[in-house]
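Here's the structure we're looking at; comments come further down.
Remember, it's 1-based here, ligands and their atoms both numbered in the order they're listed.
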Amino acid sequence: MKTQNQERHDAIVIGAGFGGMYALHRLRDGLGMDVVAIERGSDVGGTWYWNRYPGARCDAESIFYSYSFDPRLQADWRWSEKYATQPEILSYAGHVADRYGLRRDIRFDTEVTAAHFDEPANEWLVRTTSGDIRARFLITALGCLSASRIPSFDGIDDFTGQIHHTGRWPHEGVDFRGKRVAMIGTGSSGIQLLPAIAADCAHVTVFQRTPSYSVPARNRTLGPNEFTRIRAVYPHLRADARKSAGGQVTAPPIGSALSGDTDILGELDQRWAEGGASFLGAFTDTLVDERANKISADYVRERIKETVADPTTAELLCPKDYPIGTKRICVDTDYYATYNRDHVDLVDVSTTPIERITAEGPTVDGTVYPVDVIIFATGFDAMTGAFEAVDIRGRGGMTLRDAWAAGPRTYLGLAVHRFPNMFTITGPGSPSVLSNVIVSIEQHVEWIADYLTHLAELGITRTEADQDAQDSWVDEVNKVADATLYTKGRSWYLGANVPGKPRVFMPYAGGVGAYRQRCDDVAAKGYPGFTHGAVPDGRPATTNTAKDSPRPIAQSYRVTANNTRQRSSQ
Ligand code: NA7
């Protein structure tokens, strides 16, 4: 890829969601680097910018699904509900952007189409829809669930009504009043959306391929007194969240579900009444033992049958052929009860798939369902789809698509062999989607910032993950996943929702606390697993080990970057 353009920065961040925003802030205002972020949306917020469908909410609690890096930011933002709505989270993202002056270094409405490592120049050349940019470091903050997908149905272009995907919802909203609606997909998005639109529609037909396990949110407002109490202990809550398995503080498991000593059903009753995904954390063995898992799964099936009046519909809504939690558990408000409304119908497409879409609507088993609007709540090409959409090439012209042809491979979910000076925020191989992702984002950005500081202090301008280190990390990710039931669900964690995608369990299932410890150990030992300097094909120039003797600071970003920049108020 040739370019005449000489625009240069120390680092390019792709994406201005929560990952990209914090990377920009930390590298620019913390390290004094010259950074530009590229964002295809017209504003910050990432997933919360795009997923504007009615009912969209975070399923991690708002007090944890927010940045913790600046106590003053934490102190001056007040969440109004236990689970924040999409508009509130988007406005929080805007508040963060204002507070740290982020927008001035974000190029909006701009897509990155290619990123090639220019070996002689030791720089990334990034091609965007508004020109080419060069930088020493490339930080991808692409989002794990940003490549939305509409399955390829025959005849879709013939449909004469409106088509919307939950992950690309129109900013002006959709008027459902009096409309006949088809909703395809019953994952988190569909489950949140259905109750929110049902009241307005003339009729809704839900097309379900796989039923989800969903637990009630029991959402509520956070009153001033409650918030004051949270603020008093916020630092402790945050510290605990960082060490936890999932990145938020929930009631600890009471023991094995198979132990005869504990009040198993009482515990599930209590967690069901409290609401939220901590239901899944009631016992130590729910995600590792099928018999233990069945206890929680049966419990949910019973609640579904209790709630849904029509027994045939209730039966169809009961997940049967996979363990609870192995596809992402959903958190809902009135989802199952919505099927008791006369104008809401469920069509099972598990054995008789949608054949085609005609001018009038979806066709299943020869029956056409005439509708005015089709909503695709059909999810994303998770974790790797956003990478595949960009022509990323590393050393020797190796494409990331080829490097990941059999499934993504990373070192610590942070770096990729043959892709020097590239770091991935919440990349495959990190806890990412199995965690409260903001906790993971902060940990990744801070680890990357520390590593860049380390490199600058040693005057090192090039680093690359070693093949061996990457191979053993991939083995560990697989080993951890294999010790759980996660591999038993046909989930997007495994790439199973995308035809032809390799079946590889992509996130690290060992928990954010254990993962943080691993990353901290690597830092403390002087970053073993990375090679510093140019790497001739297959032969490391210098392998970095703890034995490397520290060198005097030859170069630091504070010296080389634009020194006129003001540090932020953090
Ligand atoms: P999900 O969880 O991937 O759900 C997508 C749904 O769409 C799921 O029920 C799929 O069934 C269904 N789907 C996909 N393709 C088809 C076809 N061809 N026919 C019928 N049904 C289909 O995406 P969401 O947006 O709901 O949630 C993603 C994450 O975002 C969520 O976990 C939260 O973290 C936020 P399948 O299960 O594949 O049989």
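- Ring geometry for Y67 against Y22 counts as tilted: the plane angle lies between 30° and 60°, on a 0 to 90° scale.
- Scanning both residues, I191 and T186, for their nearest heavy atoms gives CD1-O, 3.6 Å.
- H164 pairs with exactly one of Y53, F376, F159, W169 by the ring-ring contact (aromatic ring centres under 6.0 Å, His included) rule, that one being W169.
- Side chain to side chain, T286 and N293 fail the donor-acceptor criterion of an N or O pair below 3.5 Å.
- Nearest protein heavy-atom contact of atom 37 (O) of ligand 1 is K327 NZ, 2.7 Å.
- Contact record, V349 with I354: CG1-CG1, 4.0 Å, taken as the closest heavy-atom pair.
- In this structure, atom 33 (C) of ligand 1 lies nearest to the protein heavy atom R328 NE, 3.6 Å.
- The protein non-hydrogen atom at the shortest distance from atom 4 (O) of ligand 1 is G187 CA, 3.5 Å.
- For atom 7 (O) of ligand 1, the nearest non-hydrogen atom from the set G185, C144, A60 belongs to G185.
- Among all non-hydrogen protein atoms, the one lying nearest atom 15 (N) of ligand 1 is R209 NH2, 3.4 Å.
- Ring geometry, Y515 versus Y508: the interplanar angle falls from 30° to 60°, so the pair is classed tilted.
- Shown here for A60 and Y83, the closest heavy-atom pair between the two residues is O-CD2, 3.6 Å.
- Annotation: atom 3 (O) of ligand 1 to nearest protein heavy atom, W492 CD1, 3.2 Å.
- Residue-ligand proximity, T210 to ligand 1, at heavy-atom distances under 4.0 Å covers atoms 36 (P), 37 (O), 39 (O).
- With ligand atoms numbered from 1 in the order given, ligand 1 contributes 20 (C), 21 (N) to contacts under 4.0 Å with heavy atoms of I184.
- Contact between C144 and V433 at its shortest, heavy atoms only, is CB-CG1, 3.5 Å.
- Contacts between S189 and ligand 1, counted as non-hydrogen atom pairs separated by less than 4.0 Å, involve both the backbone and the side chain.
- Scanning all protein heavy atoms for the shortest distance to atom 9 (O) of ligand 1 gives T186 N, 3.0 Å.
- The proximity of F153 to ligand 1, defined as any non-hydrogen pair under 4.0 Å, is limited to the side chain.
- E476 pairs by the salt bridge (Lys or Arg N to Asp or Glu O under 4.0 Å) definition with R518, not counting sequence neighbours.
- Residue contact check: L145 has heavy atoms under 4.0 Å from atoms 29 (C), 30 (O), 34 (O) of ligand 1.
- The closest non-hydrogen atom to atom 6 (C) of ligand 1, taken over P151, G379, A377, comes from A377.
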